[in-house]
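Lettering of chains follows the sequences in order, A, B, ..., and the numbering in each one begins at 1.
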Amino acid sequence: MIIASVCVDNPSKEIDRLFDYVVPENLKEQIKIGMRVIVPFGTSNRLIQAVVLDIKEEQECEIVYKEIYDIADEEVVLSNDLIQLAYFMKKNYFCTLSEAIFSILPPEVHFKEQIEARLISENYDVSKREAKFLSMLSREKYLKIDLSTINLKRSDLISLKNRGIIDLKVGIRQNTSKKTIELCRLKDLIKADEIINNNRLKQQKRVVEYLIDKGSEVTLSQIIEELECTRSVIKALVDKEVVEIIEKEVYRDVAADYVHYPRHSLTLTQRKAIEDILSSYKNGRRVTLIRGVTGCGKTEIYLNLVEHFLNQDYGAIVLVPEISLTPQTVERFKGRFGDKVAILHSRLSEGERYDEWRRISRGIAKVVVGARSAVFAPIVNLKLIIIDEEHEYSYKSELNPKYLTKDVAEFRVNLLDGLLVLGSATPSIESYYNVSKGHYNLVEIDERIGDSTLPEVKIVDMRNELASGNKLIFSRELYNSIEENLRNNKQTILFLNRRGYSTFVSCRQCGYVCKCSNCDVSLTYHISSNTLECHYCGQKVNVPNLCPKCGSKYIKYFGAGTEKIEQEVKRLFSGARVIRMDMDTTRKKGEHERLYRLFKEHKADILIGTQMISKGMDFKNVTLVGVIAADTTLNLPDFRAAERTFQLLVQVAGRAGRGTDKGKVIIQTYEPDHYSIQLAAVQNYNEFYRKEIEIRRLLNNPPFTDLTYFLFTSNREDELIKVCKLIEYNIKRVLPKDFTILGPTPNFISKIKNTYRWNMVIKGNIINYIELIDKIIYDNTRSTSVKYSIDINPYSLI
DNA sequence: AGCACGCCGACT
DNA sequence: GTCGGCGTGCTC
């Protein structure tokens with residue numbers, strides 16, 4: 001008897017183990033490790049998907065195993081290296097094997113069980129509820145049943161079947177259908193001749209002649225379009241067996257319209273960088289970090305590296321932070337490698353992503369360009385992974401498993417003897433630390449491509465502005481520069497990492513601040529909707545005319561967001577054409593690209609935006625970048641605040657002066673002496689690293705230790721506190737003395753959507769204690785209202 | 001996580 | 001007596 005051990009698609013901790021199934025006779029030849037199968041599961045045998053992880057022969061066994069219902073695809077979906085990756089993730093990220101496996105597979109291949117029922121006997125004795133259901137059924141044919149809309153449970157249906165009242169057909173339905181096109185071709189040439197010689201059938205004759213002329217298969221839609229005929233003409237020919245229609249699977253084309261992107265001649269620096277990377281790879285170095293200033297031509301280096309591996313028939317993965325934000329990168333890769341490139345990002349429809357995924361796994365696409373999850377792409381013969389802007393926080397998954405893309409990529413290249421290239425102008429402290437320890441090879445590039453030079457950066461102390469009587473959001477320096485830029489017909493980018501109009505609304509008489517009723521945060525005023533909005537739960541409320549607490553009418557708006565900047569710009573610089581890009585203006589699909597192109601084509605003079613405009617965008621005509629408030633990220637209670645501020649400022653500054661004209665950057669701040677602002681202004685990464693790494697060492701923060709962040713949530717505050725303390729006590733007993741446990745304490749945002757939040761942080765190398773701690777937390781929360789999430793080395797401790 | 005089973009109170 | 005609410009325990 002052949003037994004297959006499978007991992008079922010169920011994220012629950014309770015069943016985080018393999019289950020054995022008998023492989024039926026008809027599947028014995030086809031079944032392989034890494035295949036997706038459908039199995040009956042649980043007492044009611046509902047059908048779910050699973051992945052085969054082991055196949056073994058067993059002579060006799062005491063347990064009666066169930067049989068595998070069917071295979072889900074013809075091919076293996078999880079290659080051996082990806083299976084090993086799943087185990088790696090389970091071991092490192094506090095997640096179940098199922099969570100790991102089903103985040104490696106594309107999410108859209110999920111199955112839905114489909115139940116159909118038919119009435120077979122009307123002589124029944126049933127309950128009212130059952131009778132109501134039976135009245136919907138018919139004797140003649142099976143009807144699809146949606147369990148969520150009827151008042152019966154699965155077991156009730158089975159009971160009806162067992163009593164001989166209905167018959168059931170249980171099957172599965174794949175959520176994402178393959179897209180097919182209809183191809184038309186000649187079937188019978190003699191009959192075709194008859195049609196041509198028959199003068200009465202003018203339209204049919206045209207179709208046949210057209211097909212003969214083309215000499216091969218033509219799509220149905222093409223015939224209809226070109227001959228301006230209808231479907232019925234072709235249908236008639238099909239009925240006469242003159243032509244036949246075949247359905248062929250097509251892949252939805254994700255970036256069909258690309259223009260060829262020619263090979264650029266490389267600069268000496270670029271050539272040296274490539275040689276360095278490849279020779280260190282030959283010497284067994286798996287990882288190279290490129291630290292290159294913004295605008296130094298990293299993409300061209302990536303393109304050449306990919307080409308180098310493609311020439312040897314190896315595949316590559318290129319990761320960029322949230323790809324839709326950088327249409328340029330897609331253009332370049334598609335333009336250079338054409339159909340060999342697959343694109344994977346979050347804004348693809350399910351069908352599109354599924355198609356791209358299969359193009360990859362079948363080896364049709366050799367290169368994938370994508371966001372975070374594309375690191376799992378089943379590239380055939382994978383040898384190269386590139387992570388651009390490697391420091392970006394979007395490379396850390398916020399969902400379970402909370403993997404760091406770089407770790408996954410490193411695991412994969414180590415397994416496949418491949419090469420990992422990390423690129424950034426401001427590498428993460430962790431990565432650069434790996435360089436200093438000799439784990440990574442380093443390539444540094446300090447010159448920009450062509451004539452463009454690094455912009456001149458000015459730091460403006462906003463305290464002086466206020467002291468000099470300037471109450472505007474813009475300093476005099478920034479104001480004058482914007483005006484000058486408008487006069488010279490140059491473009492300006494204004495950056496502020498806060499959306500909305502004002503960040504909080506407060507009463508000047510009693511100090512009351514408008515807060516969300518569901519969350520522990522202040523509400524943001526949005527002028528476009530004239531409401532107060534909660535950025536955590538989305539609640540919108542009307543602005544009070546009078547203070548809800550003291551009844552005074554001195555309600556005032558404090559703090560500026562992008563909406564306010566937009567309004568101020570329009571007020572102060574009348575005639576300037578303004579585009580605002582933030583979550584509110586780019587929510588609609590395609591809106592992001594539209595605004596990007598508008599600005600690129602110089603249809604606007606000033607671009608105002610949040611984080612989303614800080615990376616990847618390349619505007620030649622931008623000579624001025626203004627950072628409205630550099631301190632917004634600096635003062636958060638987070639050990640990475642300085643690093644994030646530095647990175648953000650360098651990235652934003654890099655948007656200026658990418659063309660021939662020298663750029664200018666103005667950074668407004670209330671803390672002009674802070675080292676991350678000072679060093680960002682002169683773009684001195686090395687000095688920043690030296691300062692920052694010392695602080696990390698002193699405070700024992702990553703990369704010197706692991707930080708494990710536990711978030712506990714519940715809508716019952718008292719129980720939450722009790723459980724947290726209990727967990728802390730139990731963990732303290734098992735962990736060695738060199739571990740530090742911080743907390744448990746209420747979270748920075750102590751309540752979201754009426755759910756209370758407490759957190760706890762453990763400092764120390766935790767990897768060997770994961771299972772133990774996981775069990776303690778699981779046991780202590782099991783029969784309570786407390787939910788938890790665990791994150792190893794999170795990007796933010798807030 | 002589902003889902004069934006089983007025990008207990010409410011109600012035609 | 002039957003309906004349904006939720007605590008408990010299992011899933012090859």
Ring-plane angle category for A:Phe376 and A:Tyr403, please: parallel below 30°, perpendicular beyond 60°, tilted otherwise. perpendicular
Tell me the interatomic distance from A:Ile48, atom CD1, to C:dT11, atom P, rounded to whole angstroms. 14 Å
How do A:Lys787 and A:Ser44 order along DNA chain B: which one's closest nucleotide is nearer the 5' end? A:Lys787
Quick one: are A:Asp81 and A:Arg412 in side-chain contact, heavy atoms under 4.5 Å? yes
Without decimals, in angstroms, what is the distance between A:Leu53 CG and C:dC12 P? 16 Å
Tell me the interatomic distance from A:Asp20, atom CG, to C:dC12, atom P, rounded to whole angstroms. 11 Å
Whole angstroms only, please: what is the NZ-P distance between A:Lys66 and C:dT11? 9 Å
Interatomic distance where CG belongs to A:Leu47 and P belongs to B:dA1 [whole Å]: 22 Å
Nearest to the side chain of A:Tyr65, which nucleotide is it out of C:dC12, B:dC3, B:dA1? C:dC12
Base of B:dA1 paired with side chain of A:Ser12 (donor-acceptor, under 3.5 Å): yes
Salt-bridge contact A:Asp20-A:Lys66 (side-chain N to carboxylate O under 4.0 Å): no
Would A:Ser714 and A:Ser785 count as having a side-chain donor-acceptor pair, cut-off 3.5 Å? yes
C:dC12 P sits how many Å from A:Tyr69 OH, rounded? 17 Å
